[in-house]
Amino acid sequence: MNKKKLKRKGRSVQDLLAIKTFTKNGLQVGKDELIFFSVQPINISVLSHENIEIKIRHLMMVLSAAPDIEISCTDSSECFDSNKAYINDRIEEEQNDKIKKLLKKDYGFLDEIQSDTATARQFVFVVRCKGTKYEQNRTLASRVEKIISEQGFDISRLDKVQLKRFLAIYFGASKNGENIPDYDGLQYMKENEDEETKDEV
């Protein structure tokens, strides 16, 4: 019992999510490799009822041809709802009128940013390759990409930078995910190596 507790305590978030590393195709998750595609959203509010039905049929055909595909819909940028809720609580609790005024300005600023950046959605199609080799995964990804594009969807494969940004938004970390290092703390090791090199010189 105690050993099990110790094991659980020692496990990281990375272990919990089963994410191992970035690959040439996408992301290694457990024994599987995930390959990510960005699909450009369509503004259906400007489409006729008939055109919406056509788009739905096209999506159904994609899902029939690639039934194992996974679809994720997220904000296209960082969400500030929790920050806004915190500031709103502070405004209600604050007794000092000057501080309350500043808090209201902060709230308005976050509201403006969110309306400009976070109202749009992004759609990501995920292909899960189960334990196959790099070339096989690449071939499967190309086949799925062709299936989706043939149905009239504007699709592009996520590169490493785009994937890091998507993951950061998905897990609520930051909208600047492309700047997050591949391994936590790696940037400090590099700084340390640079300092050691300077000392040697």
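With rounding to the nearest 0.5 angstrom, the NZ atom of K20 is 8.0 Å from the NZ atom of K31. To the nearest 0.5 Å, atom CD of residue E150 and atom CD1 of residue I148 are 10.5 Å apart. Residue K164 holds its NZ atom at 5.5 Å from CZ of F22, rounded to the nearest 0.5 Å. To the nearest 0.5 Å, atom CD of residue E145 and atom CG of residue L140 are 11.5 Å apart. Taking CZ from R138 and CD from E33, the interatomic distance works out to 10.5 Å, rounded to the nearest 0.5 Å. The CG atom of D159 lies 10.5 Å from the OG atom of S38; values are rounded to the nearest 0.5 Å.
No continuous path of hydrophobic side-chain contacts links L158 to F125 [ILVMFWY only; heavy atoms under 4.5 Å]. Residues L102 and Y107 are members of separate hydrophobic clusters, defined by side-chain heavy-atom contacts under 4.5 angstrom among Ile, Leu, Val, Met, Phe, Trp and Tyr. Residues F123 and F166 do not share a hydrophobic cluster, clusters being chains of Ile/Leu/Val/Met/Phe/Trp/Tyr side chains in contact below 4.5 Å. Clustering ILVMFWY residues whenever any of their side-chain heavy atoms sit less than 4.5 angstrom apart, transitively, puts Y134 in a cluster other than the one holding V127. Residues M61 and I71 fall into different hydrophobic clusters, defined by Ile, Leu, Val, Met, Phe, Trp and Tyr side chains chained together at heavy-atom separations under 4.5 Å.
Heavy-atom minimum distance, F37 versus A141: CZ-O, 3.4 Å. Considering every non-hydrogen atom in both I91 and K100, the closest pair reads O-CE, 3.1 Å. Residues I19 and V29 share a closest heavy-atom pair of CG1-CG2, 4.2 Å. Of all the heavy atoms in F153 and K55, the pair that sits closest is CZ-O, 4.1 Å. Among all heavy-atom pairs drawn from N137 and I35, the shortest one is O-CD1, 3.6 Å. When all heavy atoms of L103 and I87 are compared, the closest pair comes out as O-CG2, 3.4 Å.
Between the Q28 side chain and the G30 main chain, a donor and an acceptor come within less than 3.5 Å of each other. In this structure, Q95 contributes its side chain and E93 its backbone to a donor-acceptor pair below 3.5 Å. Counting only distance, with no hydrogens or angles, the side chain of E92 and the backbone of D89 share no donor-acceptor pair below 3.5 Å.
Atom CZ of R157 has more than 12 neighbouring heavy atoms from other residues, nucleotides or ligands inside a 6.0 Å radius.
Here the side chains of T139 and R143 are not in contact, with every heavy-atom distance at 4.5 Å or above.
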